[in-house]
> 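This is the structure I want to talk about, given as structure tokens.
As the structure is a computational prediction, the values presented were derived from the model and not from experiment. Order of the sequence lines sets the chain letters (A, B, ...), proteins ahead of strands, with each chain counted from 1.
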Amino acid sequence: MGNEVRVRFAPSPTGYLHVGGARTALYNWLFARNRGGKFLLRIENTDVKRSSKEMEEYIKEAMLWLGLNWDEDIVYQLERLEIYRKYALELVEKGLAYYCYTPPEELQKEGGGVECHEVNPEDYSEKPLAIKFRVPDEGTTEFDDIIRGHIRFKNEDLGDFVIVRSDGIPTYNFAVVVDDHYMGITHVIRGEDHISNTPKQILIYRAFGWKVPEFAHLPMILGPDKKRLSKRHGATSVLEYRDIGILPEALFNFLALLGWSPGDNREIVSKEEMIRLFDLKRVGKRAAVFDLDKLFWINSEYIRMKSDEEIYELALPFMEKAGLVKSDEDREKFKKVVPLLKERVKLLKDFVDLSEYFFKDVEKYDEKGVKKHFKEGVEERLSLLVEKLKAIETFDEKSIEKAVRSLADELGISAAKLIHPTRLAVTGRTFGPGLFELMAVIGKDECIKRIERAIDWIKAQRRD
RNA sequence: GGCGCCAUCGUCUAGUCAGGCCAAGGAUACCUGGUUCUCAGCCAGGAGACCCGGGUUCAAAUCCCGGUGGCGCUGCCA
């Protein structure tokens, strides 16, 4: 246990788990698994007004969905208030921290700028006092960041800072140190936005005489406009990606490679490989833009790697939610549809759009397709095809193809001239899986019905 | 403003620590051609980057300095 690696992810339950936080958690997780250490979860709920149990549950759900399991009991900051208080008092006794008073009116002001000077607690015994940490006027505080190398701050630039608020709740910088020490954290892996907090935290470690952990500050994740990723860039919550049909393995792979690379040219890397190869020293320094296109591409790769059965199970809920699959019969049909569409989808939810005509009547025909394929004389050709189809006994891919091609031969036209109008008649669309396999799934009677309906529709159009 | 971090194709990146193998490699996205009944895919090809300026060196994407730009922090938020 002495040199066991222990890392943590410490979200505050004030919002959903967004992709930036997820990547931080993921790197902590990979690092712990790589080193055979422990990955811990701490809920930083000291911002009582904005924290909620609901958000905590969402965060845990998102982590588990991604496969980021934590090893020990969750630590809740709010349950540890007396402990922070005790340690803060210890610093006051040592003269390393002091009480200060600010009139309540002043505290209402948003955005800080509140002045507060050292006071004698006995003179203010009835009034709420905050505790401030005393930063040395001189010298520097330095550390070696695993990712960024040596970083130095002048103490005079830091300035005294509040460690316990007048309501008795500790501030982030103080609670983090007390908790990380208590949890035995050996490596603090977090976002680059915490670099400037690090010297303050180191000063606190030293004030207690505690061992300072290693630090690794990860680059930020940006939106396409190079601004910090936020809601206005669209989906940022991990669960939103689940809900459009991103596979957890795909998001995991994508996020892991956003800032880190195993060094070879691979883009698709299994979780096991990542655990084996992960190295904080190979994490990049510069902020990365979150590229949806690449995520979608990775997702389509993962979809293709899975078996038809697995994809059926994963996509079924999307189909049921959309109301396309309602019965056992529908489910049987969808099982046959999956292999036809698996290579054509980027997201699981794409199955809904692309498979609609398997489950519903064709209500309209693609406009451009009509101009291109429903030309003079198609209705006769389609009628002849219907006759051929009616004669088929076993309505499978082969026999359908034979029927279509032989008719084309007899008419002296290219098969394409028959195939495209038929696809439009049967699916309403100009693109999709191979016509013969698609028709086999839809079934003989339904195909004939749809073609006849199309013939009627075309004739009706001619009259207008 | 102050302090800090960062800077390779549109995007993700390899290469930077240990300067030459880099007239900069891969992936994605984009364009073209091939394959197929269409689409997707697949195959082949194309266009596309070392932020700028100095310096060190026989040699710099790589080291040093300056500038510029982006981001972060600057709260009794985390």
> Answer with yes or no whether A:S166 presents, from its side chain, a donor or acceptor under 3.5 Å of a partner atom in the base of B:C76.
yes
> Say you pick atom P in B:C58 and the same atom in B:A49; how far apart are they, in whole Å?
31 Å
> Within the modelled atom types, does a donor on one side and an acceptor on the other bring the side chain of A:K294 and the base of B:A29 under 3.5 Å apart?
no
> Quote, to the nearest angstrom, the P distance that separates B:U11 from B:A29.
16 Å
> Ignoring backbone atoms, establish whether A:R165 has a side-chain N or O less than 4.0 Å from OP1 or OP2 of B:A78.
yes
> Between B:C64 and B:C5, how far apart are the two P atoms, rounded to whole Å?
14 Å
> B:C3 base to A:S196 side chain: any donor-acceptor pair below 3.5 Å?
no
> Identify the nucleotide, in any strand shown, that forms a Watson-Crick or G-U wobble pair with B:G69, with both distances under 3.5 Å; if there is none, say none.
B:C6
> Taking the P atom of each, how far is B:A61 from B:C52, in whole Å?
11 Å
> Quick one: does NZ or CZ of A:K398 land under 6.0 Å from the six-membered ring centre of A:F436, within 45 degrees of the ring axis?
no
> Relative to A:F252, does A:K271 satisfy both conditions: NZ or CZ under 6.0 angstrom from the six-membered ring centre, and within 45 degrees of the ring's axis?
yes
> Quick one: look up who B:A23 pairs with, Watson-Crick or G-U, both distances under 3.5 Å, and put none if it's unpaired.
none
> Rounding to an integer number of angstrom, what distance separates B:G20 and B:G15 when you compare their C1' atoms?
13 Å
> Taking the P atom of each, how far is B:C9 from B:G53, in whole Å?
16 Å
> Is the cationic atom of A:K349 (NZ for Lys, CZ for Arg) positioned less than 6.0 Å from the six-membered ring centroid of A:F318 and within 45 degrees of its normal?
no
> Are A:R228 and B:C73 close enough that a side-chain N or O sits under 4.0 Å from OP1 or OP2?
yes
> Should B:G45 form a Watson-Crick or G-U wobble pair with both distances under 3.5 Å, which nucleotide is its partner?
B:C31
> Any base atoms under 4.0 Å from A:G259, or only sugar-phosphate, or nothing? Heavy atoms, all strands.
sugar-phosphate
> From the set B:A78, B:A29, B:C76, return the single nucleotide nearest to any side-chain atom of A:S12.
B:A78
> Grab the CG-C1' distance between A:N197 and B:G75 for me, whole Å please.
11 Å
> Report the residue from A:R50, A:M55, A:E54 that forms a side-chain contact (heavy atoms from CB on, under 4.5 Å) with A:P13.
A:M55
> Which residue lies toward the 5' end of RNA chain B, A:I169 or A:G263, if each is placed at its nearest nucleotide?
A:G263
> Does any nucleotide pair with B:C63 by Watson-Crick or G-U wobble geometry, both distances under 3.5 Å, and what is it?
B:G55
> Hey, could you give me the CG/CD1 distance between A:L385 and A:I451, rounded to the nearest 0.5 Å?
5.0 Å
> Take the angle between the ring planes of A:F215 and A:F143 and call it parallel below 30°, perpendicular above 60°, tilted in between.
perpendicular
> Determine the Euclidean distance between corresponding P atoms of B:G25 and B:G33; express it in Å to zero decimal places.
25 Å
> Can you find a side chain N or O atom of A:R266 that sits less than 4.0 Å from OP1 or OP2 on B:U13?
no
> Taking 4.0 Å as the cut-off, does a side-chain nitrogen or oxygen of A:T46 come that near to OP1 or OP2 on B:A78?
yes
> Paired with B:C17 by Watson-Crick or G-U wobble geometry, both distances under 3.5 Å: which nucleotide is it?
none
> Given that A:K226 and A:G434 both sit by RNA chain B, which one's nearest nucleotide is further toward the 5' end?
A:K226
> Nearest to the side chain of A:Y172 - B:A78, B:C37, B:G72?
B:A78
> Confirm from the modelled atom types if A:R148 and B:C5 form a donor-acceptor pair under 3.5 Å, side chain to base only.
no
